[in-house]
Amino acid sequence: MTRGSKLRLVLRDVASGCAFASMAVSGQLPLWTLGLYVFSLVAALLGKRLFARRAKLTALLLLGVAAVLAVNVTAGSLNLVVAACAFAGLISAHRLLSAPDPATDGQVHLSGLLMVAGGAALSGELVYGLFLVAFSVMSSVSLALGVVESAVPEGEPIPVRQVLRPLSTGVSFAVAGAVAFFILFPRLNWNMTGPRASPGIGPATTGFSNTVRLGGTGTIKDNPRVVLRATLNPDPGVDALGAYWVGRTYDIFDGLEWTNAGGVRKEREPLLTLRPGGDNLVHQRVELLPAYGGRTLIALETPSRLGNAVANTSTGGRRTFLQELSGGEARFLEPGLSYSYEAYSLPPGGSGDRFRKLPTVEQDALLALPENIDPRVAQTAARVLNGEREPMAAAQKLAAWLQRELSYTLEQAGERDDPLADFLFERKAGHCEHFATALTLMLRTQGIRARLATGFFGGERVNEGYILRAGDAHAWTHVLVPERGFVTVDATPPANRPGQGSKWLQRLLGLYEAIESRWRNSVVDYSFRDQVDVARALVRPPQGSEKNERSQLPPARAWGAALVVGMLVYAGWRLAERLSGRPRPLEATRFVDAVEAVLASAGIVRGDDETLEELHARMSSDGHALAPALAPITRRYLEARFGGRPLRQGEADTLLRALKSAVSDFVRMEAQLRARADAPRARAS
């Protein structure tokens with residue numbers, strides 16, 4: 001096998017791997033299919049064609065696999081589209097391990113097309129698009145090299161370098177087609193196989209559960225994935241917001257886990273009012289990204305109203321109702337990949353909670369202590385407070401003591417029978433949940449009502465809004481202050497409240513998230529109405545122009561847009577004109593047809609599936625008189641057809657005239673020979 005043939009097979013196999021990866025990034029394929037395909041691809045790249053001698057026998061394995069997939073689909077444990085995609089991958093794997101020949105090559109490329117179509121149905125994410133483009137490029141080059149290989153006489157090397165340049169145009173069209181394919185599929189909402197388990201990069205990282213186990217979530221503190229975007233009105237205009245974004249609260253602690261004493265307050269509401277507010281509320285337009293992975297609404301502390309929620313699913317966005325639970329938590333009723341909604345919060349430092357509004361069970365829960373709480377917790381709190389009974393002053397005094405005497409760490413302590421006592425008196429190190437739990441329970445031991453709050457802390461300025469990362473997840477304490485309600489007190493050292501992730505990784509993921517967001521907004525969710533809005537925006541008068549006298553002419557930006565469109569049309573026309581003036585590849589094919597017609601006049605007929613090179617080789621081996629005349633024609637045909645050296649103006653006519661002259665001489669000579677052979681010969685008397 002020549003180096004060109006090996007290159008073609010490697011490109012074919014890697015292209016198939018990219019097609020399979022375009023499905024695998026959806027996270028929906030069964031793990032065993034991933035393992036089988038990866039094994040087949042690695043074996044093929046190493047040149048191990050394990051099924052080369054048992055192609056038909058091993059094909060029976062696919063029937064068994066198809067039966068397993070069918071059983072899973074029938075049992076409801078596997079989606080039909082997912083099963084079809086997995087089977088397409090296994091067909092491609094089987095072909096990769098078979099002997100390489102033209103039929104196998106075609107089946108590998110065809111199964112690749114099926115897999116990228118399946119990938120579009122499963123995800124349509126940005127990563128899928130990258131694999132789609134890679135498949136298009138490598139598969140196109142492999143196919144082109146296969147065509148060249150079939151035209152080159154057996155045993156001769158493939159002129160890879162000579163054909164790569166003319167192939168670049170074809171590859172450009174393949175990439176353009178892949179991009180168009182990438183854009184059209186998600187816009188048609190064909191990715192309708194159900195919600196994805198892990199959109200974007202990896203699984204969702206945050207979200208709120210009904211319980212919080214002390215010390216169980218500290219590892220997400222270094223996760224840089226963006227989970228929330230929000231714009232604020234009035235805009236604070238600072239780079240680092242340093243705000244508390246609350247999700248839900250907990251009031252019962254059994255020594256290991258936090259839970260809630262209350263239940264559902266409102267089952268189904270389009271708009272929730274958690275507490276009264278005034279005219280100075282802070283308005284937020286919030287988007288929870290797929291990396292969030294929860295159904296609890298997040299809002300700036302202290303939220304007053306929440307609503308106008310939209311759940312974005314794989315089949316589009318739709319309005320969703322909200323549910324209110326105890327502790328001020330609001331949840332989306334509809335599941336979705338991401339959510340958008342509006343929220344209004346009291347200005348920083350304000351509160352609308354009243355002790356008297358809480359149900360009795362929740363009032364009692366704010367003073368509840370674990371049955372087996374270590375007595376040193378109360379003794380230490382009493383010693384630190386030294387008679388202080390005012391709730392806010394006591395909370396701040398205890399928070400300062402915790403920050404001074406204990407240290408922050410993300411290293412997990414492992415399972416502990418009493419994690420609070422271990423944090424306060426043994427290990428003396430922990431993360432935000434340890435600090436918040438310690439402050440809350442130390443206050444309760446002194447008769448001061450408090451609860452645990454969870455959400456995010458911070459806000460990084462990006463464009464006109466703020467983003468929060470998974471590593472910004474945080475826990476703090478709500479202290480119930482008479483006549484003020486719940487007030488936030490944070491015992492975690494200030495330097496350790498924001499995310500602890502790597503800065504360069506944050507920037508890298510931020511770039512990816514920004515591109516993905518632009519892709520979703522500009523392509524996936526770009527509707528006909530958006531197009532009409534863009535057209536209207538081009539002719540809409542700029543703000544502030546209403547006061548001026550209206551003009552009958554379009555605004556300047558409409559003229560500018562028309563100028564840009566005109567320039568693009570002119571550039572496209574020039575490009576088409578230039579391309580039309582180039583020698584076409586079919587010129588070489590027509591040249592061969594003319595050569596064949598001239599040779600036919602001399603009684604030389606090209607056989608079925610016989611190329612011009614093979615015809616010349618046959619004539620040379622037979623010692624045919626026209627073989628020397630056909631040699632330069634064959635060489636120029638190969639150069640024009642595959643070597644990037646098209647026939648010059650009039651060159652084909654010159655070559656044909658030379659061939660016709662040679663053929664005429666040959667025909668005349670043949671006629672003379674026949675005449676001599678037929679002439680009567682005199683006998684000697």
Side-chain angles (χ1 to χ4, degrees), residues 25-27 123-129 186 191 194-209 217 220-232 241 243 245-248 284-300 306 308-320 322 330-343 454-474 498-499 501 505-526:
V25 294
S26 69
S123 66
E125 298 291 338
L126 187 60
V127 178
Y128 158 80
N191 49 340
R196 294 189 52 203
S198 56
I201 303 175
T205 51
T206 58
F208 296 89
S209 60
T217 58
I220 67 172
K221 203 62 179 172
D222 56 356
N223 191 322
R225 293 195 63 189
V226 178
V227 296
L228 182 149
R229 289 194 181 95
T231 56
L232 308 182
L241 191 58
W245 302 74
V246 65
R248 65 178 303 177
Q284 307 134 63
R285 188 175 296 279
V286 182
E287 182 183 6
L288 294 177
L289 303 180
Y292 175 66
R295 291 168 66 177
T296 298
L297 280 75
I298 303 295
L300 278 176
L306 303 142
N308 296 326
V310 175
N312 302 307
T313 67
S314 58
T315 56
R318 58 175 178 266
R319 294 281 180 184
T320 179
L322 304 179
R331 286 185 183 177
F332 302 104
L333 280 182
E334 302 286 339
L337 294 174
S338 63
Y339 300 93
S340 60
Y341 55 96
E342 293 182 83
T454 58
F456 297 89
F457 175 82
E460 176 185 342
R461 184 81 173 184
V462 175
N463 298 327
E464 301 300 324
Y466 292 90
I467 63 169
L468 290 170
R469 303 180 185 278
D472 294 327
H474 194 50
L505 188 57
Q506 287 186 7
R507 287 194 289 270
L508 184 63
L509 284 181
L511 176 63
Y512 173 81
E513 301 273 6
I515 294 175
E516 187 179 49
S517 174
R518 183 64 60 89
W519 153 250
R520 286 184 174 281
N521 295 332
S522 304
V523 179
V524 178
D525 298 331
Y526 197 68

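Between Ile298 and Gly247 the shortest heavy-atom distance is CD1-CA, 3.6 Å. In this structure, Ala299 and Leu306 approach most closely via the heavy-atom pair CB-CD2, 3.8 Å. The minimum heavy-atom distance between Trp245 and Ala230, with the atom names listed, is CH2-CB, 3.8 Å. Nearest heavy atom pair, residue Arg318 against residue Pro335, reads NH2-O, 4.4 Å.
Every residue two or more places apart in sequence or in another chain that forms a side chain to side chain contact (heavy atoms under 4.5 Å, CB included) with Arg461 is listed here: Asp235, Asp239, Glu464, Tyr466. Partners of Glu342 under the side chain to side chain contact (heavy atoms under 4.5 Å, CB included) rule, at least two apart in sequence or in another chain, are His283, Arg285, Asn308, Tyr344. The ring-ring contact (aromatic ring centres under 6.0 Å, His included) check on Tyr339 picks up Phe332, with sequence neighbours excluded.
With Tyr341 contributing its side chain and Leu288 its backbone, the two residues share no donor-acceptor pair below 3.5 Å. Within the 3.5 Å criterion, the main-chain N or O of Leu333 finds a donor-acceptor partner in the side chain of Arg295. The backbone N or O of Arg248 sits less than 3.5 Å from a side-chain atom of Thr454, completing a donor-acceptor pair.
Annotation: the span from Arg331 atom CZ to Leu297 atom CG amounts to 11.0 Å, rounded to 0.5 Å. The distance from atom CG of Asp472 to atom CZ of Phe457, rounded to the nearest 0.5 Å, is 9.0 Å.
Exactly one residue among Val227, Val310, Asn312 makes a side chain to side chain contact (heavy atoms under 4.5 Å, CB included) with Ser338. That residue is Asn312. Across Leu289, Leu228, Val226, a single residue satisfies side chain to side chain contact (heavy atoms under 4.5 Å, CB included) together with Leu468, and that is Leu228.
Using a 4.5 Å heavy-atom cutoff, the side chains of Leu232 and Leu241 are in contact.
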